[in-house]
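One structure below.
The figures that follow rest on heavy atoms only: side chains count, while hydrogens, waters and symmetry mates do not. Just so it is clear, the structure is predicted and the values come from calculations on it, not from any experiment. Sequence lines set the chain letters: A, B, ... in the order given, protein chains first and strands last, and positions in each chain run from 1.
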There are 2 protein chains.
Amino acid sequence: MVNQGQPLDRVFQALADPTRRSMVERLVRGPAPVRELAQPFAMSLPAVMQHLQVLEACGLVRTEKVGRVRTCHIEPAGLRMAEDWLGDQRTGWERRLDRLGDHLTDHSEPEEGRPA
Amino acid sequence: MVNQGQPLDRVFQALADPTRRSMVERLVRGPAPVRELAQPFAMSLPAVMQHLQVLEACGLVRTEKVGRVRTCHIEPAGLRMAEDWLGDQRTGWERRLDRLGDHLTDHSEPEEGRPA
DNA sequence: GCAATAGTTAGGTACGTGGTTAACCAAGGG
DNA sequence: CCCTTGGTTAACCACGTACCTAACTATTGC
């Protein structure tokens, strides 16, 4: 429960970059070739390619080359993995708040770390 | 709509590290002093402090020092910000899938990028 | 086949990140 | 008052990341 580390590492790392997030935002509205993906960013093609590789390596994006054009699709499973982790933390937190409320109404116990 | 960059950058960056994610996972179950937070990780106190600072800088964690003890609480708003972004992308994607389905049943249009 | 287009590879640089050790300061406790 | 505990600061190092330019390959269109 404490260690499913690596894939999540890569996904969050990928999402930590504004360029890559923008790419994801764009790809969510439909697939696009590398060139179109690169257009809004004031940076060289190789730089864009690198970002793309990061996104692909962590499973957020899938690409396939048809003629000389590589088309990029988003892979929603990757996003969901991250969203799930976040959701788990939030629900864990909320559950804790509930339990804390119970204890307070029961014994007026002061707030502290793990009860065990 | 394409650039609310910086805070999200920092949050995802913070979550990209397994140590920091573990810390969040622990803090979700209740506040803890630095020492206890550091205990499960085979690394020096300063390293832990650094991670803590990252978490604090991006608003995921709030800390306060009482005697000589600094207690760390989680700050759920930070998690929610990230979760929201992820959710936006997912819904954007799902909406697109719906629209695509409509078009297909209507005009048998081939799938492509932005319709504008 | 020649030129333009789309992408790729190679190599290099500047900066950021994650860790270390050592020395230090500030409570508490005997 | 002295020692221990808890945290902090400083200085440093190894490695990774995010770009760049230049050169190259592979299609497509004329």
Side-chain angles (χ1 to χ4, degrees), chain A residues 3 5-24 26-27 30-73 112-113, chain B residues 2-3 5-27 31-73 112-114:
Chain A
N3 64 338
Q6 274 117 289
L8 221 31
D9 279 22
R10 285 199 286 265
V11 170
F12 280 127
Q13 179 70 32
L15 262 33
D17 186 282
T19 303
R20 284 190 296 258
R21 273 202 316 282
S22 284
M23 284 167 145
V24 167
R26 165 155 296 200
L27 286 179
V34 174
R35 195 128 245 279
E36 186 184 330
L37 216 49
Q39 199 181 348
F41 310 108
M43 79 179 60
S44 69
L45 233 332
V48 170
M49 282 291 295
Q50 233 165 262
H51 284 301
L52 212 39
Q53 280 164 15
V54 171
L55 288 170
E56 208 174 355
C58 73
L60 277 173
V61 162
R62 199 163 33 85
T63 78
E64 57 181 322
K65 201 168 180 178
V66 169
R68 63 185 163 178
V69 174
R70 175 173 299 276
T71 307
C72 314
H73 318 257
E112 193 31 66
Chain B
V2 208
N3 64 338
Q6 275 117 289
L8 221 31
D9 278 24
R10 285 200 286 265
V11 171
F12 280 127
Q13 180 68 36
L15 284 125
D17 186 281
T19 304
R20 284 190 296 257
R21 274 203 314 283
S22 283
M23 284 169 145
V24 167
E25 285 172 350
R26 164 155 298 200
L27 286 179
V34 175
R35 193 127 247 280
E36 185 183 331
L37 216 50
Q39 198 180 348
F41 310 108
M43 78 178 61
S44 69
L45 233 333
V48 170
M49 282 292 293
Q50 236 166 258
H51 284 301
L52 212 38
Q53 279 164 15
V54 171
L55 288 170
E56 207 173 356
C58 73
L60 277 173
V61 161
R62 198 164 32 86
T63 78
E64 56 181 322
K65 201 167 179 178
V66 169
R68 62 184 163 179
V69 175
R70 176 172 298 275
T71 307
C72 314
H73 318 257
E112 194 30 67
R114 313 152 327 169

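Contacts of residues 52-64 of chain B with DNA chain D (heavy atom under 4.0 Å): none.
The shortest side-chain heavy-atom distance between B/D9 and A/R21 falls under the 4.5 Å cut-off. B/L55 places none of its side-chain heavy atoms less than 4.5 Å from the side chain of B/L27. Contact check for A/R35 versus A/V69: no side-chain heavy atoms found under the 4.5 Å cut-off. Counting heavy atoms from C-beta outward, B/C72 and B/M23 have side chains that stay 4.5 Å or more apart.
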**Request:** Heavy atoms under 4.0 Å is the rule here; annotate nucleotides 22-29 of chain D 5' to 3' with B where the base is hit, S where only the sugar-phosphate is, and - elsewhere.
**Result:** B----BS-
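No donor-acceptor pair under 3.5 Å is formed between the side chain of B/R10 and the backbone N or O of B/G59.
Pairing each heavy atom of A/E36 with each of A/P40, the nearest pair is O-CD, 3.5 Å. When all heavy atoms of B/C58 and B/V11 are compared, the pair lying nearest together is O-CG2, 3.8 Å. Contact between A/A16 and B/F12 at its shortest, heavy atoms only, is CA-CB, 3.6 Å.
DNA chain D is contacted by both A/Q13 and B/V69; B/V69 maps to the nucleotide lying nearer its 5′ end (nearest heavy atom per residue). Between A/Q50 and A/R70, the residue whose closest nucleotide on DNA chain C is further toward the 5' end is A/R70. Position along DNA chain D of the nearest nucleotide to A/T19 versus B/M49 favours B/M49 as the more 5'-ward residue.
Backbone-only contact: A/A47 has heavy atoms under 4.0 Å from sugar-phosphate atoms and none from a base.
Scored by the salt bridge (Lys or Arg N to Asp or Glu O under 4.0 Å) test, B/R62 finds B/E75 as partners (sequence neighbours excluded). The side-chain contact (heavy atoms from CB on, under 4.5 Å) check on A/A47 picks up A/M43, A/S44, with sequence neighbours excluded.
Within the structure, side chain to side chain donor-acceptor pair (under 3.5 Å) pairs that include any residue of residues 48-60 of chain B comprise B/R20-B/H51, B/E56-B/T63 (at least two apart or interchain).
In this structure, B/L45 places its CG atom 7 Å from C1' of D/dG6, rounding to the nearest Å. Here the P atom of nucleotide D/dT5 and the CD atom of B/E36 are 17 Å apart, to the nearest Å. Following rounding to the nearest Å, A/H51 (NE2) and D/dC20 (C1') show an atom-to-atom distance of 12 Å. Rounded to an integer number of Å, the gap from CZ of A/F12 to C1' of D/dG16 is 20 Å.
In the 5' to 3' direction, nucleotides of DNA chain C lying under 4.0 Å from heavy atoms of chain B begin and end at C/dG18 to C/dG28.
In the helix from C/dG1-D/dC30 to C/dG30-D/dC1, the rotation axis of the first five pairs and that of the last five pairs differ in direction by 20°, rounded to 10 degrees.
If you run side-chain contact (heavy atoms from CB on, under 4.5 Å) between B/M49 and each of B/V54, B/V34, B/L37, only B/V34 comes through.
Taking CG of B/L15 as the reference point, atom CG of A/L15 lies at 10.5 Å (rounded to 0.5 Å).
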